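A quick note: this is a predicted structure, and the numbers were derived from the prediction, not measured. The first residue in the sequence is number 1, and the count goes up from there.
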Amino acid sequence: MSNTQHHVFILMGVSGSGKSAVANAVAHEISAAMLDGDYLHPRSNINKMADGHALNDDDRAPWLTALNDAIFAMQRTNDVALLVCSALKKRYRDRLRAGNSNLHFIYLQGSKAIIEERLKQRKGHFFKPQMLVSQFEALEEPGADEGDVHAIDINQPLEGVVADTIKLITTVTAQE
């Protein structure tokens, strides 16, 4: 393995903030690896969300362990990798940080009104728009004590969010 430091960027935020769309576009533009953390949810979590129920911390525990392991693996195989994960609470972000260096969070930040409108237009996703209230209630916005979290304003067209995200990734990876 080379001495190059590999970076994993977690695209975080409430459902409907554009995490998957931004990650897909960025991964394509910069040839980065990408994993949607939703794929690592156990079946019970997916069924619970599909029935319109919010997950609790007990539901999330095995998922966060799987995500932490995925980050560990991604850091060893890719120069830049993207992981889509809501990471709404600081303790979840701390679980993802555990044992993983060169981990960065990109917080796709937007108002409830903007995100609600986007959710109403979604098709084929197990997230229900009425769950947005619980997402915002669970959200612990990153503070100054989380220097590895960078906010991107999503109140702009997707192309702008993608461009801002690429610029951020380029800046962070150039600081080696």
Side-chain angles (χ1 to χ4, degrees), residues 7-41 45-46 49 52 54-55 60 63-64 67 70-71 74 80-97 102-175:
H7 295 268
V8 175
F9 293 85
I10 296 179
L11 281 85
M12 63 164 285
V14 299
S15 188
S17 61
K19 297 181 300 291
S20 295
V22 172
N24 279 313
V26 169
H28 178 75
E29 290 273 332
I30 66 171
S31 299
M34 198 278 280
L35 174 65
D36 190 326
D38 282 349
Y39 296 148
L40 299 180
H41 269 295
N45 286 5
I46 294 170
M49 289 185 284
L55 300 178
R60 288 187 183 95
W63 177 60
L64 290 166
L67 290 171
I71 293 163
M74 292 168 89
V80 174
L82 308 173
L83 175 66
V84 174
C85 172
S86 54
L88 297 179
K89 296 185 179 182
K90 184 179 185 301
R91 67 180 171 271
Y92 303 162
R93 296 187 291 275
D94 289 344
R95 292 258 324 257
L96 299 175
R97 288 178 179 113
N102 292 321
L103 179 64
H104 317 275
F105 294 83
I106 299 174
Y107 174 33
L108 300 181
Q109 187 175 32
S111 72
K112 189 188 270 186
I114 289 170
I115 294 169
E116 185 173 27
E117 187 55 39
R118 290 179 182 178
L119 284 173
K120 288 178 183 175
Q121 298 175 19
R122 260 191 179 181
K123 304 285 185 249
H125 192 271
F126 56 73
F127 187 88
K128 305 287 187 221
Q130 64 268 24
M131 290 173 62
L132 184 60
V133 172
S134 67
Q135 288 266 299
F136 270 96
E137 286 173 354
L139 175 63
E140 294 173 2
E141 288 209 324
D145 61 327
E146 292 185 86
D148 58 354
V149 181
H150 311 276
I152 300 282
D153 181 7
I154 64 165
N155 189 19
Q156 59 179 319
L158 178 61
E159 298 77 20
V161 177
V162 169
D164 287 352
T165 303
I166 291 171
K167 181 178 178 185
L168 173 66
I169 290 170
T170 302
T171 300
V172 168
T173 58
Q175 294 176 357

| Interatomic spacing from CZ in Phe105 to CZ in Arg97 - rounded to 0.5 Å | 4.5 Å
| said: To the closest 0.5 Å, what do you measure between CG (Leu96) and CD1 (Ile71)? | reply: 4.5 Å
| field | Donor + acceptor pair across side chains of His150, His104 (<3.5 Å) | value | no
| message | Taking the side chain as everything from C-beta on, heavy atoms only, tell me whether Arg95 gets closer than 4.5 Å to Trp63. | response | no
| Minimum heavy-atom distance Arg93-Ala87, with the two atoms named | NH1-O, 2.7 Å
| task | Report the distance from atom CE of Met74 to atom CG of Leu67, rounding to the nearest 0.5 Å. | result | 10.0 Å
| task | Quick one: do Ile152 and Leu11 satisfy side-chain contact (heavy atoms from CB on, under 4.5 Å)? Show the steps, please. | result | CA-CA 10 Å; Ile152 300 282; Leu11 281 85; over 6 Å; no
| task | Quick one: pull up CD1 in Ile10 and OG in Ser86 and give me the separation to the nearest 0.5 Å. | result | 10.0 Å
| Considering all heavy atoms, the nearest Gly110-Ile115 contact | O-CD1, 3.7 Å
| query | When you check the side-chain N and O atoms of Tyr92 and Glu140, is any donor under 3.5 Å from an acceptor? | reply | no
| Atom pair CG (Leu82) and CG (Asp36), whose distance is rounded to the nearest 0.5 Å | 11.0 Å
| Do any N or O atoms from the side chain of Arg118 and from the backbone of Gly18 form a donor-acceptor pair under 3.5 angstrom? | no
| Taking the side chain from Lys19 and the backbone from Leu83, do they hold a donor-acceptor pair closer than 3.5 Å? | no
| query | Does atom NZ of Lys167 have more than 12 heavy-atom neighbours, drawn from other residues, nucleotides or ligands, at distances under 6.0 Å? | reply | no
| remark: When rounded to the nearest 0.5 Å, the distance separating CG of Leu108 from CG of Asp164 is 10.5 Å
| field | Contact summary for Gln135 and Ser15, nearest pair of heavy atoms | value | OE1-N, 2.7 Å
| Is Ile106 close to Ile169 at the side-chain level, that is, under 4.5 Å between some pair of heavy atoms? | yes
| message | Please determine whether a side-chain nitrogen of the Lys or Arg among Arg91 and Asp94 lies less than 4.0 Å from a carboxylate oxygen of the Asp or Glu. | response | no
| said: Would you say CD of Gln156 has more than 12 non-hydrogen atoms from neighbouring residues, nucleotides or ligands within 6.0 angstrom? | reply: yes
| Do the side chains of Leu88 and Val14 get nearer than 4.5 Å, heavy atoms only? | yes
| query | Could you go step by step and tell me if Phe9 and Thr165 meet the side-chain contact (heavy atoms from CB on, under 4.5 Å) rule? | reply | CA-CA 10 Å; Phe9 293 85; Thr165 303; over 6 Å; no
| field | Test applied, side chain to side chain contact (heavy atoms under 4.5 Å, CB included); reference residue, Val80; option that passes from Asn102, Val172, Ile30 | value | Ile30
| Closest contact, heavy atoms only, Leu55 versus Arg60 | O-NH1, 2.9 Å
| said: Please give me the minimum heavy-atom distance between Asp153 and Asn155, naming the atom from each residue. | reply: OD1-N, 2.9 Å
